[in-house]
There are 2 protein chains.
Amino acid sequence: MPPRKPSSASKAPARTFKTKPGKPTSTDVAAAAGVSRSAVSFAFNNPQRISTATRERILAVAEELGYTPNTLGRMLQAGTTNSIGVLLPQGLAQILENPYYSRFLMGAGQVCDREGYTLLLTPPLQDSVLKAIPYAAVDGFIVCGLEIDRGEVAELDRRGIPFVLIDSDRHEGAPHVEVDDRGGARDVARYLLELGHRRLAVLSIGPRPAADPGHRGPLARRLAGITDALAEVGLTLDDVRVAEVPVTRADGYKATRELMSGEPPSAILALSDVLAYGAVDALQDLGVAVPDEVSVTGFDDLAESAWFRPRLTTVRQPIVTKGRIAADFLISAIRGEDQHPHQMLGTSLIVRDSATNPA
Amino acid sequence: MPPRKPSSASKAPARTFKTKPGKPTSTDVAAAAGVSRSAVSFAFNNPQRISTATRERILAVAEELGYTPNTLGRMLQAGTTNSIGVLLPQGLAQILENPYYSRFLMGAGQVCDREGYTLLLTPPLQDSVLKAIPYAAVDGFIVCGLEIDRGEVAELDRRGIPFVLIDSDRHEGAPHVEVDDRGGARDVARYLLELGHRRLAVLSIGPRPAADPGHRGPLARRLAGITDALAEVGLTLDDVRVAEVPVTRADGYKATRELMSGEPPSAILALSDVLAYGAVDALQDLGVAVPDEVSVTGFDDLAESAWFRPRLTTVRQPIVTKGRIAADFLISAIRGEDQHPHQMLGTSLIVRDSATNPA
DNA sequence: CTGAAAGCGCTTACAG
DNA sequence: CTGAAAGCGCTTACAG
């Protein structure tokens, strides 16, 4: 007998005698059903391309072997993951503790639901947003809170992966959705100043990176808005105290206690509702009446701010809408429909009960 | 001149003359740097295996071409994604609107942060949890709220993908973390009964699937707990009104208004805090005093329940801990360390201000 | 209606 | 120190 072609002769048995099959592959099913791998693929994805009988047989064998097409193999071949990544500025625990992000993700989630995408939450890897990028198998990214760009935008560009920027510094030509942070902050600062407050304290979000020359993110814009309002009454940012605080209720609390231990302000302007809650907690614990002795304002207008006591005076930004538009933009970019969309969203001052005239 | 081997001769030029390179691959870099693809790979992942000079050259060429190793190709080869999937029972919008899930995800997120995993939120595809499974590129799943198994567990098993069950019906041999739902519900029902309430209404979570014989999930356990308590005073579940409501504040509101339009209960036992908030909203709008005219209790003890007015009497379950343990179990399973862990978590009755003796 | 081949990009033994 | 080959699993033109 002539020897069979060595390549096939040496390989087939090796496969056949595998002890533990591990996960069966399409090759295994093809062998067991006596068909080619293409036939197996067709049985799953393109039924009309093979006869019903063949298909049934293949499916039966697959069932018996416990075969199921490998997700990664499929994605590599398709070049698509049906997943949207959210590139986050902090760890998952911090993000998910923050109601702001829940709202934002909810907006993005609405779009994912509609379009059949999954949502990959991608926190920094070893404290680096940049390092996290190569480990996310996604069709595109929503990039959040990139106050300062450490090469993320360039990396995304060179990967040719679509992205949209949120709560970030602007980049020419990059899709983004912005909020009128400057206008919102100006409005609330002006409101407080018109009420007669002059001893203002600002609870800002931080800590900001040490060397930060080109800083032009939302935070900088809010501070600029406050500066605008101060200028109208002949003051500058140097005339107010600014504390930089991580965005948690507990940190707002702590910072406020420190603030009150010095010369107490007549009003605290927090750059986030969550921080404002903490400020009110601290003032209440100190026996300081809000707003009668000290006024407090927030930024965001989270749902709970209307239920909070005193009901929080704050700046509303359309968080859910922002998430929805970001996801919509991203999907357009993924589909190649619209390459550089941007949108500016307005804010509005919501006057409730937590601020009044100074005592 | 002898012709070069046809295979290489016919291919190399084709690659070389590509007009738009698309994303460059390792092959492109290898060609441009005059090395093999392995060398390119080594330059990125195994620097010590090649000379410094070669490495630098490769990296320079890669930089120039804008090459970056493809994530999916890498994952397929590595057989690992560094991602944990959360298989969800509802759309992303609903999930992220629910503070319960935010807390749960926060717990899971703590573990992801520590272990360097991303978190893939996987909602049902075309209303099917089962259909969503093949589209998630993950190392394992946390399966949530699988009140009734429609083949998901079998599918996960056949895929050989690790998973842990949460808020779900039990499955022999499957890792899971449970909460003592029955005990918790019994406690709060007993509390209400001891207060003297007999006209009870239950705001349950639903709608439950029509045909549901083998139903033994957390909901069934909570109902069983209520039944236990009722039995102690000679009542059955038929003696109370049970409304099945989707878990949103608005739905709790609506259901309560309907409840009150009939013969009003003296106490409303909600199987979720969110539903309890909605109930209180409705009662307040109807001018019914809580708890003086109608008592209301919740289940979960979300953070906001302590801030809610009246402060909510409820059953505490350790949500963040549940998320953390689920993720820990999953990662153990992924690493093959512990194959079938389970854990039962206790509940406790938190007595606050929203329930009192019947009028 | 079906199969052999090429290809999606990558990495890792295995030889030299 | 480096390269040719095999393989991670899959799918889709292209021939028959």
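All chains are named by letter (A, B, ...) in the order of the sequence lines, taking the proteins before the strands, and each is independently numbered beginning at 1.
The ring-ring contact (aromatic ring centres under 6.0 Å, His included) test applied to A/H342 returns A/H176, not counting sequence neighbours. Partners of B/Y67 under the ring-ring contact (aromatic ring centres under 6.0 Å, His included) rule, at least two apart in sequence or in another chain, are B/F44.
Going from atom CG of A/N46 over to atom P of D/dA13 covers 10 Å, rounded to whole Å. In this structure, CZ of B/F44 is placed 15 Å from P of C/dG9, rounded to the nearest angstrom. For A/R57 and C/dT2, the CZ to C1' distance is 11 Å, given to the nearest whole Å. If you measure from atom CD1 of A/I58 to atom P of C/dC1, you get 13 Å, rounded to the nearest angstrom. Between the CZ atom of A/R49 and the P atom of D/dT11 there is a distance of 13 Å, given to the nearest Å.
Around the CD atom of A/E64, the shell of radius 6.0 Å holds no more than 12 heavy atoms that belong to other residues, nucleotides or ligands. Within 6.0 Å of atom OH in A/Y135, 12 or fewer heavy atoms from other residues, nucleotides or ligands are found, so the atom counts as exposed in its surroundings.
Classification of A/D28 and A/K23 as a salt-bridged pair fails, no side-chain N sitting under 4.0 Å from a carboxylate O. Ion pairing between a basic and an acidic side chain is recognised when a charged N comes within 4.0 Å of a carboxylate O; A/E63 and B/R158 show such pairing. Taking 4.0 Å as the cut-off between side-chain N and carboxylate O, A/D328 and A/R114 count as a salt-bridged pair. With salt bridges taken as basic N to acidic carboxylate O contacts below 4.0 Å, none links A/E152 and A/K131.
Of the residues in residues 155-162 of chain B, not one comes within less than 4.0 Å of DNA chain C through any heavy atom. Proximity of residues 65-81 of chain A to DNA chain C (heavy atom under 4.0 angstrom from any strand atom) is restricted to A/L76, A/Q77.
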### Task
Would you check, one step at a time, whether the test side-chain hydrogen bond (donor to acceptor under 3.5 Å, both in side chains) holds for A/S38 with A/S41?
CA-CA 5 Å; A/S38 354; A/S41 176; over 6 Å; no
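At a threshold of 4.0 angstrom between heavy atoms, the contacts of A/S41 include nucleobase atoms, whether or not backbone atoms are also involved. At the heavy-atom level, A/N45 lies under 4.0 Å from the strands shown only through sugar-phosphate atoms.
The side chain of B/A39 lies closest to D/dG3 when the candidates are D/dG3, D/dT12, D/dG9. Nearest to the side-chain atoms of A/F42 among the listed nucleotides D/dT2, D/dG3, D/dT12 stands D/dT12. With D/dT2, C/dC1, D/dT11 as the choices, the nucleotide that has an atom nearest any side-chain atom of B/S51 turns out to be D/dT2. When distances run from any side-chain atom of A/T25 to the nucleotides D/dG9, D/dG3, C/dG3, the shortest one goes to D/dG9.
One distance of note links CG of B/L125 with CG of B/L130; it measures 10.5 Å at 0.5 Å rounding.
In terms of phosphate contacts, A/T27 brings no side-chain nitrogen or oxygen within less than 4.0 Å of OP1 or OP2 of D/dG9. At the phosphate of D/dA5, neither OP1 nor OP2 sits under 4.0 Å from any side-chain N or O atom of B/S38. OP1 or OP2 of C/dT2 has at least one side-chain nitrogen or oxygen of A/T54 nearer than 4.0 Å.
No hydrogens or angles considered: nothing links the side chains of B/T118 and A/T122 as a donor-acceptor pair under 3.5 Å.
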Side-chain donor/acceptor pairs under 3.5 Å, residues 70-77 of chain A, sequence neighbours excluded:
from: A/N70; atom 1: OD1; to: A/L72; atom 2: N; distance (Å): 2.8
from: A/N70; atom 1: OD1; to: A/G73; atom 2: N; distance (Å): 2.7
from: A/T71; atom 1: OG1; to: B/P134; atom 2: O; distance (Å): 2.9
from: A/T71; atom 1: OG1; to: B/R159; atom 2: NH1; distance (Å): 3.4
from: A/R74; atom 1: NH2; to: A/N45; atom 2: OD1; distance (Å): 2.6

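In DNA chain C, the stems built from three or more successive Watson-Crick or G-U pairs (distances below 3.5 Å) are C:1-3 with D:14-16, C:5-12 with D:5-12, C:14-16 with D:1-3.
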